[in-house]
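FYI, side chains are in, hydrogens and waters are out, and symmetry mates aren't considered; it's all heavy atoms of this structure. Each chain gets a letter, A, B and so on, in the order its sequence line appears, and its residues count up from 1.
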Amino acid sequence: MSVFASPDVPGFGSDLPIPWWLLLVKAVAIFVFLVVMTLFAIWWERRVVARMQHRIGPNRVGPFGLLQSLADGVKLALKEDIIPKAADKVVFVLAPIISVTPAFMAFAVIPFGPEVSIFGHRTALQLTDLPVAVLYVLAVASVGIYGIVLAGWSSGSTYPLLGGLRSSAQMISYEVAMGLSFVGVFIYAGSMSTSQIVAAQTQYWYAILLAPSFVIYVVSMVGETNRAPFDLPEAEGELVGGFHTEYSSLKFALFFLAEYINMVTVSALATTLFLGGWHAPFGVTSFWAGANHGWWPIIWFVLKVLIALFVFIWLRGTLPRLRYDQFMRLGWKVLIPSSLGWLLLVATVRAVNAQYNLQSRDVLLYGGAGIVVILLLTFIPDLLATRPSEEPEGEPEWDAMAGGHPVPPMPGQSRPVLTGARASDDDDDLPTEDDT
Amino acid sequence: MDGFYGGYGLVGLLLLVGVLFVTVAFVANGLLRPTVPGGDKTVTYECGVDPVGEGWAQNHIRYYVFAYLYVVFAVDAIYLFPWATVFAAPGFGAATLVEMFVFIGFLAVGLLYAWKKGVLSWV
């Protein structure tokens, strides 16, 4: 056994000779899971958003239209591939590959369930676990950003360039907040390994114990995946399609795949770090003792991931897109400072806890107080900010020919009262035939 | 596949499967898709208008400021992670906590400075 082997990660050390074919089966199973989840998530998103907008959604291909996204994917792969003349060809082709491969890789450390028996081999439902598993997920997620910024740059077009830059600025900003929200979990779990973090959540989920961390994570995971209301890189009204405007055929499909896999990955990470991983929800174990054993935990895991995905879809169906300055302000002036403050509070509570052996109830109490304090603190910048008053006191008088065009009165402005058919003759503001 | 490097070997295995997946997809795509070159289809897309000039434009420095800030805070996070895992272990007492307070204090001052300088407000 290597000296670097982590002794606190059971089931992944040298004591467990897992045959190579089993590892390959697990690796392929992760791939199949991710692709199926992507196809399902696209269908689900379309159906749920349709429901929210009083439409029906896809219902032609397969039962309930379930095969619609598969049909779309196949169709997309059979389309002609166009590389624009202005593009940097090598980077243009490489970008979607750089985007999609790390998206697959992040799932290597996500635990689907406890140890099970597969053809007589005891093995955990997880491809591998590293002592720094969560850091690894952050690292490969960052590699995916290269794919996006390179796609934007190599297209040789204005919209993708702006979209790619926006996207990278957005993702790096929210990755900081995301990384800081993990620290509270590490403090309580005492480990960065995903299986250890899940094991530490047998009693309390960290979503409850570390509620502010969870809130910060949820906000930053939406920002990190470029999803509504933070889908500024793809703001259709401003940037056409953002970084993938010039992409077509399979390359576009790969970007699409990467986006949805990233959604599944951050949802799985939320499940693992904050929602108890593959543990059954509260109360289930009281009447079903076997809920946390064998293959059953996969159900809880997938269920939690699907709920997290539903939140993504719900947000998209509900909220309008943020402006870019509002978005950056939220990231750097609210999420990151409150994250730092919260983790100092967690560390202090934990230290005091270890020193004086306080009960968990007290910790929760401190946590609740902390939420209130941090929420209040985030209002301070808003209070101090000198912003132009929303409604100027003296409403400028209505100029019917402002800018050289006839314009209607703005809200708050009133049209001069006209009396009689010939009254407009005396009114200089209104364009009449005499003016022309 | 054991020990410290075994874990990373498995990550490499997943990378290999990923590259294989992309390769197969590209080969299949290359064989199945139609290729009809010519026409204006390779012209840069500008909402129907002929593009003027190059697509590569000069960009505002503000993007780079955020990149620098990111580096600062990413290093901060990397420094925090191992600290967070050993923090509660016996032998690491109040001194460990105070050290981290000092470190984050410095970072916070830096963030406040950037804030005061107006770097954080997007124009």
Hey, which of B:T35, B:V19, B:V11 has the most heavy atom pairs under 4.5 Å with chain A? B:V11
Quick check for you: to the nearest 0.5 Å, what is the distance between B:L20 atom CG and A:F31 atom CZ? 8.5 Å
Reported CD1-to-CG distance for the pair B:I78 and A:L135, which is rounded to 0.5 angstrom: 4.5 Å
Heavy-atom proximity to chain B below 4.5 Å, by part of A:F104: both
A:M105 CE to B:L10 CG distance, which is reported to the nearest 0.5 Å: 11.5 Å
Selection from B:P34, B:A108, B:G18 maximising heavy-atom pairs under 4.5 Å formed with chain A: B:P34
For the pair A:E80 (side chain) and B:V36 (backbone), establish whether a donor and an acceptor sit closer than 3.5 Å, ignoring hydrogens and angles. yes
In terms of relative ring orientation, are A:F186 and B:F81 parallel, tilted or perpendicular, with 30° and 60° separating the classes? perpendicular
Side chain to side chain contact (heavy atoms under 4.5 Å, CB included) between B:I104 and A:L343: does it pass, once the steps are laid out? CA-CA 10 Å; B:I104 290 181; A:L343 87 89; 4.0 Å; yes
I'd like to know which of B:L15, B:L69, B:L32, B:N29 tops the heavy-atom pair count under 4.5 Å against chain A. B:N29
Please flag which part of A:K85 lies under 4.5 Å from any non-hydrogen atom of chain B: side chain, backbone, both or neither. both
More than 12 heavy atoms of other residues, nucleotides or ligands under 6.0 Å from CZ of B:F103: is that the case? yes
Greater than 12 external heavy atoms within 6.0 Å of A:K333's NZ: yes
Bottom line for A:V346: the part with an atom under 4.5 Å from chain B's heavy atoms is neither
Taking the side chain as everything from C-beta on, heavy atoms only, tell me whether B:F66 gets closer than 4.5 Å to A:S173. yes
Please say whether more than 12 non-hydrogen atoms of neighbouring residues, nucleotides or ligands are located less than 6.0 Å from CZ in B:F101. yes
Would you call the rings of A:W332 and B:F73 parallel, tilted or perpendicular, where under 30° means parallel and over 60° means perpendicular? perpendicular
